[in-house]
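This report refers to the structure that appears directly beneath it.
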Amino acid sequence: MGTTIKGYAALEAGATLEPFSFERRPVGADDVLIRIGYCGVCHSDIHQVRNEWGGSIFPMVPGHEIVGTVTKIGTGVKKFREGGDGRGGVFCRLVSRLSGVHSGIGAIL
């Protein structure tokens, strides 16, 4: 069973971010779960929310520059450890598979 997550999302292109809840799927074999401590929203996220580059999928939770703590890893993960730093940088394309919820260029894993 997944976990309910709260964030801020654009529900359509150009929309103002608003409180949004969604169900995150359970951690899979190749997943890393990060408790986000800080998240930066940069101009790439603004382009995505406005769909200026095309191909944006909504609802969208922007913010792909993240720092946090790894709280769980899947059985196939080798480069991270629980309790370690979790970092997601610019254009790292950490795409979530969250019941159709997409997170700009990156996502909460």
Side-chain angles (χ1 to χ4, degrees):
M1 177 165 237
T3 302
T4 299
I5 301 296
K6 293 181 181 181
Y8 286 86
L11 301 182
E12 59 186 29
T16 301
L17 300 182
E18 60 183 73
F20 184 75
S21 295
F22 57 93
E23 188 77 11
R24 188 189 66 227
R25 65 180 169 78
V27 175
D30 297 320
D31 294 338
V32 176
L33 180 65
I34 300 172
R35 183 179 345 106
I36 306 293
Y38 303 93
C39 175
V41 176
C42 77
H43 209 267
S44 297
D45 297 306
I46 295 169
H47 286 298
Q48 288 289 106
V49 168
R50 293 177 178 166
N51 196 27
E52 293 174 341
W53 295 336
S56 295
I57 302 170
F58 298 93
M60 179 188 299
V61 178
H64 68 276
E65 297 171 346
I66 60 172
V67 176
T69 303
V70 175
T71 58
K72 188 170 185 177
I73 60 171
T75 56
V77 174
K78 305 298 180 210
K79 295 184 178 183
F80 292 91
R81 62 178 173 75
E82 291 181 18
D85 291 339
R87 300 179 190 143
V90 178
F91 299 109
C92 60
R93 198 60 182 165
L94 303 173
V95 178
S96 62
R97 297 173 214 146
L98 306 168
S99 304
V101 176
H102 297 267
S103 183
I105 293 172
I108 301 170
L109 297 179

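Owing to the predicted nature of the structure, the values given are computational and were not obtained by experimental measurement.
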Heavy-atom pair with the smallest gap, counting every atom of [X] and [Y]:
{"X": "D31", "Y": "R25", "answer": "OD2-NH1, 2.5 Å"}
{"X": "P59", "Y": "F20", "answer": "CG-CZ, 3.5 Å"}
{"X": "L17", "Y": "A10", "answer": "CD2-N, 3.5 Å"}
{"X": "N51", "Y": "G55", "answer": "OD1-N, 3.2 Å"}
{"X": "A9", "Y": "V61", "answer": "CB-CG2, 4.0 Å"}
{"X": "R24", "Y": "I5", "answer": "NH1-CD1, 3.2 Å"}

Set of side-chain hydrogen bond (donor to acceptor under 3.5 Å, both in side chains) partners for E52, sequence neighbours left out: H47
Within one Ile-Leu-Val-Met-Phe-Trp-Tyr cluster: I36 and V41, side-chain cutoff 4.5 Å: no
Test side chain to side chain contact (heavy atoms under 4.5 Å, CB included) applied to E82 - qualifying residues, sequence neighbours left out: K72, I73
For S21, all residues meeting side chain to side chain contact (heavy atoms under 4.5 Å, CB included), sequence neighbours excluded: T4, K6
Main-chain N/O of P62 paired to D45 side chain as donor or acceptor, under 3.5 Å: no
Any side-chain heavy-atom pair of L11 and F58 under 4.5 Å: no
Heavy-atom side-chain proximity of S56 to M60 below 4.5 angstrom: yes
Residue pairs, two or more places apart or on separate chains, that pass salt bridge (Lys or Arg N to Asp or Glu O under 4.0 Å) and touch residues 8-20: none
